[in-house]
Structure formats: structure tokens, C-alpha cells
Amino acid sequence: MSAPAITPVVVRLKLSLLRNGLRQSGGRRAAYIASAVASLLFAALQLIGLIVLRGVGHVESLVVLMVGVLGLGWAVMPLFFPSGDETLDPTRLVMLPLRPRPLVRALLAASLVGIGPLFTLCLLTGSVIAVARGGAAFALGVLAVPLALLVCVALARAVAAANVRLLTSRKGRDLAVLSGLVIAVGAQVVNFGAQRLGSSGLEQLGPAADVLRWVPPASAIGAVHSAGTGSWGAAVVQLALSGVALAGLLALWSRSLTRLMTAPDGSTLQAAESAVRGPTPTGLARLLPPGRTGTAMERSLRYVWRDPKTKAAWVTSLAIGLIVPVFNAWQGTGSVYFACFAAGMLGIQMYNQFGQDTSAFWMVAMTISTARDAYVELRARALALLLITLPYATLVTVLTTAMLGDWPRLPEALGLSFALLGAMLATGTWTSARFPYSIPQEGHKNVAPGQTGLAWISIFGGMVAAALLCAPVIGLAIWLHIGADGDAGTWLLLPVGTLYGAALTLLGLRLAAPRTAHRLPEILTAVSKG
């Protein structure tokens with residue numbers, strides 16, 4: 001007696017998980033419906049746009065590139081959003097008597113249920129319509145569209161299965177939080193690409209498309225274009241490449257499932273005994289100052305490396321602070337003054353210092369009894385930030401200046417960056433004590449409910465105050481430029497900006513320390529709400 005097919009069961013399971021998830025709350029249901037409507041509307045506009053582009057020169061380059069980026073998106077989506085589909089974790093089926101091959105077929109069918117596959121199907125259909133020439137090409141497109149869709153879905157599943165241990169661990173959650181970085185960097189890349197296309201046309205995509213048309217799943221769409229031009233040999237090879245890729249991904253997926261369902265993990269193995277180590281400082285701790293200053297600096301740096309929210313904020317600031325000046329310099333439209341963006345992005349990390357500690361701040365509060373204790377704590381946090389910010393801001397400024405070839409303005413740009421950094425450290429220190437707010441540890445929210453106003457006042461109010469504090473240095477720069485000697489004295493802005501920024505930082509610490517010591521109960525209450 002043959003075993004019953006599990007594919008319908010798994011598909012119904014996927015639908016049940018989706019339906020039960022929407023029943024949990026009205027907010028989740030509304031968010032899903034809104035995202036579904038927005039995605040389907042965008043998919044319809046994409047489909048119409050691709051149909052309109054039919055017959056436009058070099059449209060095949062655009063289409064092939066779009067499908068290649070779409071495949072990349074399917075590959076990285078499970079890494080950044082592992083909780084988007086409960087069936088992505090096959091370890092939940094370990095206790096069931098299922099063989100890998102039937103399970104692969106069932107999960108592949110279940111993966112075709114959802115907004116993502118429908119969106120992909122619309123884009124692939126529009127791509128075939130845009131590049132197909134003749135009935136034979138359209139006939140090949142009927143095969144190419146489902147093949148490309150299956151490659152995308154199988155790619156996502158294979159990546160998820162190969163990294164399921166990572167995705168369900170703390171490092172996986174850290175990786176998901178860093179998805180904001182990918183979105184931010186991707187937005188800058190798309191913006192840069194759109195500007196290049198607007199000025200040069202679709203022919204600029206030719207070199208990249210010539211490579212991607214042989215890479216699955218874009219090769220399936222490339223096969224349709226090749227068939228339309230009469231290159232049947234190339235069309236067969238390109239379609240075969242997508243077929244081989246699908247077979248390879250399914251085999252990799254099946255192998256990963258077998259390993260997951262048969263190999264033991266850390267939870268089933270007896271933990272090895274570890275030797276007891278003494279409290280000897282290692283690594284960076286050896287280089288930090290002794291006493292409370294070094295301890296607080298090490299704690300702040302550990303937050304940057306280990307805490308998901310803090311790490312995401314830092315990595316995003318580092319990336320955006322580099323991308324904005326470098327991309328503008330690359331396009332020839334930038335200025336050395338754009339390098340100040342790096343100091344500004346990293347200076348924001350000084351705001352809401354105590355909120356980063358969340359409820360653990362009570363352990364820090366227990367060690368603060370005087371204004372002097374608060375001053376040492378705040379100074380250590382500022383020094384930890386400067387340990388990263390100063391070399392980074394200098395590197396970005398030098399790199400931007402080198403790309404523009406405007407070396408005479410390097411001292412001026414560095415001076416303005418250091419002055420801005422000092423102003424943001426000063427205002428960030430003060431607003432951390434005056435307007436603290438909690439950062440929830442779960443989810444993607446960075447402000448606890450009911451504290452949005454505090455966050456706006458703290459960050460944007462502090463940034464405005466920092467800009468006003470930089471007015472003397474900016475005024476000096478303008479005066480030196482319009483003076484009788486022109487740009488001859490602008491080198492003075494480097495020492496002046498450095499000293500001015502240091503003075504502002506020390507002043508901010510002096511003013512914020514007594515307020516911090518006095519408002520410890522209020523700060524502890526505010527940062528513990530999340």
C-alpha cells in the first residue's frame with residue numbers, strides 16, 4: 001500500500017498557518033492586507049510598465065538585470081526575514097516519518113502560496129512579454145516563466161535550509177536586525193543607478209546584462225530573447241542552465257533536509273567541560289584605561305558588537321556616512337563638505353545613551369552617587385564613541401577629498417567634521433540625561449510606545465542645537481573664504497575646529513553630569529519601560 005501524498009497536506013498547513021496568524025490581532029490582519037494590496041498594486045504597475053516598454057531599444061538588458069536582482073532578493077530574503085514564513089524551519093518536522101524527496105516537493109508547492117510568488121510571477125510574465133518576438137518565443141516563454149519562478153523559490157528554500165541553525169540562533173536575529181542596513185545601502189545604489197540611467201540611457205546596462213543573461217534565473221528570460229532573435233542554440237543553452245540550476249538547488253535542499261533531520265545538534269550533545277579562567281583582561285580591554293573609565297568603555301563597545309539594536313544602528317550609520325559623500329564624489333557632483341555627513345551620522349549614537357542599556361541601567365545607576373561618578377560614566381561613553389568615530393570620520397574625509405582631488409580643502413573639512421562631532425557629543429550627552437527613552441529589545445521598533453515625543457525632542461532637538469553650536473566655526477570658514485587672502489588661511493580651521501569640538505564635549509559633560517546624578521530615578525523609569 002503506497003503512502004498518501006503529503007503535498008496537499010503541507011499546502012493546507014501553510015494556508016492554516018497564514019489564516020491563524022491573521023486571526024491573532026486586528027492590527028496584524030490590517031498590516032497584512034495593506035502590504036498585500038500595496039505589493040499587488042506595485043506588481044500590476046510593473047506588469048503594465050514592462051508591457052509598455054515592449055519594442056524599446058535595449059529593453060532586454062533592463063529586463064534581464066531586473067530578474068537577476070529579483071533572484072538575488074529571493075536568495076537573501078530568508079536571511080533577513082526568517083520569521084516571515086513559519087514553514088521555513090524544517091526542524092519542526094524532525095519527529096515526523098517523512099523522506100526528504102517527498103518533503104521537498106511538498107514544501108516547494110507550499111512555497112508557491114503567498115504574495116511573494118505572485119509578485120514574482122507578474123514580473124516574470126511582464127518580462128517575457130517585453131522581450132518575446134514571435135510565436136515561438138512566446139511559446140518558450142510559457143516554459144521559461146514557471147522555470148524561473150521555481151528557481152527563485154528553490155533558491156530561497158535551499159538558502160534557508162542551509163542556514164536554519166543560524167537563523168534560529170541569536171546571530172540570526174542579529175542578522176535580521178541588520179536588514180535595515182541592506183535596505184539603506186540598496187536605496188543608495190538604486191538612486192545612483194537611476195541617475196546614471198537618466199543621463200545615459202538603457203545601453204549602460206548592456207555589459208552587466210550580457211553576463212546575467214547566462215546566470216539563472218535571468219537565463220530563462222534571456223532564452224526567450226535569444227529565441228526571438230533566432231539564436232536557438234543560445235536559447236536552448238540558457239534554458240538548460242536554468243533547468244540545471246533548479247535540479248542542483250533541489251538536490252542541495254534535499255541534502256540539507258537530510259542533514260537537519262538526522263544529524264545531532266548542540267541541544268542533543270553533552271556539553272564539554274570548560275576550564276575555569278581567571279579575570280585576566282584580554283583583547284581590547286588591555287588597551288583601555290584602568291578603573292571605571294576603562295570598564296565603562298569596554299561595556300559600551302561590547303554593546304556595539306553584541307546588542308542587535310545597537311549593532312544595527314552603528315552599522316547603518318557607518319554605511320550611510322560613507323555612501324553619501326563617496327557616491328556623490330564618484331558622480332562628480334559632491335563636495336568635501338559632504339564628508340561631515342560621516343561625523344554627523346556617528347554623532348547621533350551619543351543620543352539616548354542610557355536607553356541603550358534598557359532595564360540593565362539599574363546596575364549602572366547603583367554605581368552613581370555623585371556628579372563626579374556621572375561625569376566619569378558619561379566621559380567613558382564619549383571616549384568609546386570617539387574610539388570609532390575619530391578615525392572613521394578622518395578616513396571618510398580623506399577618501400572623499402582624494403576622489404575629488406581637492407586636497408587644499410582637507411584641513412578645512414576635517415576641522416568642520418571634528419567641530420560637528422564635538423557639538424553632537426555635547427548635545428547628545430545632555431539630551432541623554434534630559435530626555436531618555438526606552439528601546440524595545442524585541443521587534444523592529446526603536447522607541448517604546450508613548451515615548452515617541454521624547455525621541456523626537458532628544459534626537460532632532462539635539463541635532464538642531466548641535467548645528468547652532470557649530471555656527472562660529474562655519475562663520476569662520478566663510479570669513480576666511482571671503483577674506484583678502486582667499487583660501488590661504490583655511491588650514492586654521494583644523495586646529496580651531498578640533499579644539500572647539502573638544503571644548504564643547506567637555507562643556508556638555510560638565511553640564512550633563514549633575515543633571516544625570518540628580519535625575520537617576522526618572523532616567524531608570526524611562527529606560528525600563530520597554
Side-chain angles (χ1 to χ4, degrees), residues 7 10-11 14 18 35-36 39-40 42-44 46-47 50 60 62-82 84-85 87-90 103-132 140-164 167 179 182-183 186 208-209 211-225 238-257:
T7 300
V10 175
V11 172
K14 174 70 175 290
L18 178 61
S35 61
S39 299
L40 294 178
F42 185 66
Q46 287 269 44
L47 178 60
L50 289 170
E60 67 279 359
L62 174 64
V63 166
V64 168
L65 190 62
M66 287 179 58
V67 176
V69 173
L70 181 67
L72 178 62
W74 273 95
V76 301
M77 193 69 70
L79 298 178
F80 293 122
F81 302 99
D85 184 357
T87 62
L88 280 175
D89 186 3
L103 184 59
V104 164
R105 290 194 297 267
L107 291 177
L108 183 63
S111 301
L112 296 175
V113 178
I115 300 175
L118 182 58
F119 176 87
T120 305
L121 180 63
C122 292
L123 193 146
L124 293 174
T125 302
S127 300
V128 168
I129 296 175
V131 301
L140 188 63
V142 174
L143 179 61
V145 168
L147 181 59
L149 176 61
L150 290 175
V151 169
C152 290
V153 175
L155 178 60
R157 285 291 186 169
V159 171
N163 296 276
V164 68
L167 299 180
S179 60
V182 176
I183 296 174
V211 176
L212 284 178
R213 69 177 72 253
W214 298 97
V215 179
S219 61
I221 306 302
V224 176
H225 175 258
Q238 288 170 322
L239 197 64
L241 286 174
S242 293
V244 171
L246 177 60
L249 289 171
L250 293 177
L252 177 62
W253 185 10
S254 177
R255 182 178 178 182
S256 298
L257 287 177

Rounded to the nearest 0.5 Å, the CG atom of L70 sits from the CZ atom of F119 at a distance of 7.0 Å
To the nearest 0.5 angstrom, please state how far the CG atom of L50 sits from the CD1 atom of I129.
8.5 Å
When rounded to the nearest 0.5 angstrom, what is the spacing between CG in L250 and CZ in R255?
15.0 Å
Heavy-atom distance under 4.5 Å between the side chains of L62 and M66, does that happen here?
yes
Between the side chains of R157 and S111, does any donor sit under 3.5 Å from an acceptor?
yes
Counting C-beta onward and ignoring hydrogens, is there a side-chain heavy-atom pair between E60 and R213 closer than 4.5 Å?
yes
Looking only at non-hydrogen atoms, find the nearest pair between L123 and Q46 and report the distance.
CD1-NE2, 4.1 Å
Heavy-atom donor-acceptor pair, S219 side chain to Q238 backbone, under 3.5 Å
yes
Restricting to side chain to side chain contact (heavy atoms under 4.5 Å, CB included), what partner residues turn up for V113, sequence neighbours left out?
V11, K14, L15
Tell me every residue that passes side chain to side chain contact (heavy atoms under 4.5 Å, CB included) with A240, counting only those two or more places apart in sequence or in another chain.
none
Between atom CG of L150 and atom OG of S242, what is the distance when rounded to the nearest 0.5 Å?
10.5 Å
Which of V159, V104, L103 passes side-chain contact (heavy atoms from CB on, under 4.5 Å) with W253? Answer is V104
For V153, the option from L246, L108, L107 that meets side-chain contact (heavy atoms from CB on, under 4.5 Å)
L108
Beyond-backbone contact of L149 with L112, side-chain heavy atoms, under 4.5 angstrom:
yes
If I compare all heavy atoms of A148 with all of A220, which pair ends up nearest, and what's the gap?
CB-CB, 4.1 Å
Scanning both residues in full, the closest heavy-atom pair of G141 with P146 reads O-CD, 4.4 Å
Taking the side chain as every heavy atom from C-beta outward, state whether L212 and L65 have any atom pair closer than 4.5 Å.
yes
In short, A223 meets L239 closest at the heavy-atom pair CB-N, 3.8 Å
Between L155 and G71 the two heavy atoms that sit nearest each other are CD2-O, 3.4 Å
For V224 and A144, work out which heavy atoms get closest and say how close.
CG2-CB, 3.8 Å
Check V67, L241, L249 against V151 for a side-chain contact (heavy atoms from CB on, under 4.5 Å) and give me the one that passes.
L249
Would you compute the distance between atom CG of L124 and atom SG of C152 and round it to the nearest 0.5 angstrom?
6.0 Å
Sequence-distant partners of S127, side-chain hydrogen bond (donor to acceptor under 3.5 Å, both in side chains), two or more places apart
none
Less than 4.5 Å apart, side chain to side chain, heavy atoms only: is that true for P117 and W74?
yes
